Structures are given as structure tokens and as C-alpha cells.
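In what follows, a structure is listed as C-alpha cells, so that the remarks can point back to it.
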Protein chains: 2
Amino acid sequence: MYICSPKINEMEITTEEKIINAARSIFTQKGFSATRTRDIAEEAGINLALLNYYFRSKKNLFRIIIEEKFDELFGMIGPILSDPNITLEEKIETLVTNYTNLLLANEDLPFFVLSELKTNEFILEKVKRNAQMLSQPIIENQLKERGFTISTLNFIMNVVSMTMFPFISKPLFVSSGLVKEEQFTNFVMDRKQHIPTWVMNTLK
Amino acid sequence: MYICSPKINEMEITTEEKIINAARSIFTQKGFSATRTRDIAEEAGINLALLNYYFRSKKNLFRIIIEEKFDELFGMIGPILSDPNITLEEKIETLVTNYTNLLLANEDLPFFVLSELKTNEFILEKVKRNAQMLSQPIIENQLKERGFTISTLNFIMNVVSMTMFPFISKPLFVSSGLVKEEQFTNFVMDRKQHIPTWVMNTLK
DNA sequence: GTCTATACAAAGATAGAC
DNA sequence: GTCTATCTTTGTATAGAC
């Protein structure tokens, strides 16, 4: 006789999860405004009414996705940069490597988060908390110790710019023919190798 | 007796122009999907029906704005980079200066153009034509002559990244408190001075 | 908890009077 | 050319059956 509580099979996906997965996929591609709840329902293979049953509104559903995506994108930056036990070189290399890999697997991510940040009230609190975790004095000291005069902000901006911008501008470069779609992965993998050196050279 | 043909006073703005101006303002702030034709009509101070009378559809009106904005943003890059009479240093400095000034006056521009590029079929032809004007061999030669081994593409990407990304990520940095809204202009003006040096240092 | 059917609201487009 | 009124489509939310 089994006394186990009834357990959902790990393979089974609940309706709620199906909706979230569909929402994640469509929201990240199209953004909030251009996404239709009917499309989410169809993608999830459920009745439209269920979306409102589970999440009450499109906005509510969106909030879940955008917060999740924000964490994915910016969650790592604070802990890495603020760790006093990691050298400057290691910080740059870790950030560039992690971001390149993350963005290769989620190409729409930076654009999605940045665009919704402009209009979305949900994330503001999250942004602030995240920024507080980023201990500027530690980075500043590491820069000063080495005799570098660049500001912390310019340092961060340069690392993030050079790593993230190719993904944001990909549609431009691909449609112009300057980078072929098939070459894009190689292009950013190659940059991943160079960016740490380039950034270090901006410090001198 | 006057034989002059009836002439519109230069100060008067036609209804068509009023609609275009309003559309430009709202589309660039909100993008295509989030913009309502009713808002455009209101901003233009005209009746909603007139919008369709002049432009037949929202899409048609949008096409006009996005093409205009694309030219504003990327029109200068080809001629500057492809001119064999301009040195590398001058090219970088000209691009960075012009872009910083342009974007300070049109902060939403890069985000708007890049976001609509992802979903918009109108601009593709324009992008291609623009890319053809960008003569890569000339830049490549200028880099080689000087003994620089960086690829043309990485060179362009680095200049544009460092100059444009601060504007794209401004909402993030401002809402995080890392940059105050009032300081932003100073921040990018300061970067404008440094970026040419930083870029030259990535070439060695 | 899940679904069907439907009410309600918003937005784009149009007809027709002036 | 401009306006009012209205139609159509599409998206959001709810009521109520099972």
C-alpha cells in the first residue's frame, strides 16, 4: 500500500507552465504591445479564457516574464564585478564569456529587457536593488591600485557595450549583408576572445 | 495687379505636415504597435479620419517615418568611413562626435530604428543600399597600411558600440541610479573625448 | 479546475454630408 | 479637404456549464 501523496509526473507540464512557456516565447520576440493573448493561448494549446483564469491579465503574465528575463540578463553582473577576490582581468573575461554564451542562446534577451525597461514600471524596484549589489568602490579600488584613471562607469559601459551591442544590432548587420546569419556565432565567439584585451587597452 | 500664383505662406503648416510631425513624435517614442492613430490625430490637432484620408493606413504613415529616421541614423556612416581622403583617426573622431551630438538631440532614435528593423520589411532594401555605399576595402587598407590586424567589422562594431550603447541602455543606468538624468549629457560628452583614444588602443 | 460562449472595449478604417 | 457617425476587426475579460 502506497502512502505517498499524489505526485505529478515530472514529465507532465501543467496548464500554467504551458501558458508561461508560450508567453515567454512570444513576449520576448515581440514585446508587450505587439503580443496578442490569443497568440499565447494558441501557442500554449489552451483556451484563451484559461489565460485570464490563471493570470488575471496580460500585464500580470508579462510581469512574470520580464522579471525572470531581467534577472537572467543582469543578475550576474553585480556579483562578478563586486567580488574583491576576482582580479580585473578575470572579471572582464568572466563577464564577456558568460554574456556571450548567454546571449547566443537568447538572442532577443537584451533588446527585450532594455525596450520594456523604458515603459515598464514593474522592473524599476528590481533595477535599483540590483544596482545596490554592484559595489562600485571595489571596482574603483581595483582600477586605482593598478594606476588606471578610467571611471568605473566608463569601464562597465565599455565592457557591456562591446559584448552586448552586437546582439542588439544583429538585425542591422545581417540584413545589410556585412555579417551572414551563419557567420554570426563565429563573429561573436571571435570577439569574445578579443574584448578582454581591447578593454584592458582602454585602461592605460 | 498681382499675377502671382496663389502661394502658401512658408510659415503655414499643411495638414499633411501636421500629421507627419505628430506621427514622428509618437512613433519614435512608442514604436509602431504601441502607437494609436487616435493619439497621432489628437497630437496633430486634426480629425482621425483625415489621417486615413491622407495616408490610407497606419502602416503607410509609419513607413514614411521609419525610412526618414533610418537615414538620419545611418546615413552618415557610409560616406565618412568610405572616404579615402579622411584618416582613420579623423574618421573615428568625426563619427563619434557626430553621433553623440545627433543622439543627444534624438535619444530615442537608435532604439526606435533598431527595434523596428527586427520586424519591418520596409527598411530592408534601404539597409542593403546603405551597406553597399560602405566601402570596406578602403577601411581595410587604411588598417593594414598602419599594421593593424583588427578586422574591419570589429573596428566598426567597436566604434558604434561604444558611442551608441550608452543611449540604448540609458533607461537602465538612470533607473539604477548609476547615472543621474542630469548627468547623462556630461557623461556622454566626456565619453566623446575618450572613445577615439580607446578605439585606437584596440587596434594595436 | 477546465472549458464554451459571449459580452465588452479599443483601435483601424470608411461612407457620406458639408 | 474636413468632419461626424459608424462599421469591422481584434483583443480582453467574464459568466456560467460541466
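Worth saying up front: this structure is predicted, and the values here are computed from it rather than measured. Lettering of chains follows the sequences in order, A, B, ..., and the numbering in each one begins at 1.
- In this structure, A:F62 atom CZ and D:dG11 atom P are separated by 17 Å, rounded to whole Å.
- For the pair B:F55 CZ and D:dG1 P, the computed distance is 11 Å after rounding to whole Å.
- Distance B:I19 CD1 to D:dC3 C1': 13 Å, rounded to the nearest Å.
- Of the residues in residues 20-28 of chain B, none has a non-hydrogen atom less than 4.0 angstrom from any atom of DNA chain D.
- Contact of the B:Y99 side chain with the B:L73 side chain is registered, since non-hydrogen atoms from C-beta on lie closer than 4.5 Å.
- For the pair A:E43 CD and D:dG11 P, the computed distance is 15 Å after rounding to whole Å.
- Side chain of A:E89 to main chain of A:M200: no donor-acceptor pair is present (N/O by atom type, distance under 3.5 Å, no hydrogens or angles).
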Given the rule in the side chain to side chain contact (heavy atoms under 4.5 Å, CB included) test, do B:L102 and B:M76 qualify, once you have shown the distances and angles that lead to the verdict? CA-CA 11 Å; B:L102 171 68; B:M76 73 166 90; 4.0 Å; yes

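- Proximity of a side-chain donor or acceptor of B:T97 to a complementary backbone N or O of B:T94 within less than 3.5 Å is not detected.
- Between the P atom of D:dT10 and the CD1 atom of A:I40 lies a distance of 18 Å, rounded to the nearest Å.
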Per-nucleotide protein contact string for nucleotides 11-18 of chain C, where B marks a base within reach and S marks sugar-phosphate only (heavy atoms under 4.0 Å, - for neither): BBBB----

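- Not one side-chain nitrogen or oxygen of B:T15 sits closer than 4.0 Å to the OP1 or OP2 atom of D:dG1.
- A side-chain hydrogen bond (donor to acceptor under 3.5 Å, both in side chains) with B:R24 is found for exactly one of B:Q29, B:E68, B:E43, namely B:E68.
- Between A:F184 and A:F167, the ring center distance clears the sub-6.0 Å criterion.
- Atom pair A:L50:CG and C:dC3:P shows a separation of 5 Å (rounding to whole Å applied).
- Using a distance-only test at 3.5 Å, with no hydrogens or angles considered, a donor-acceptor pair links the side chain of B:K58 to the main chain of B:T35.
- Taking the charged nitrogens against the carboxylate oxygens, B:D39 and B:R36 do have a contact shorter than 4.0 Å, which makes a salt bridge.
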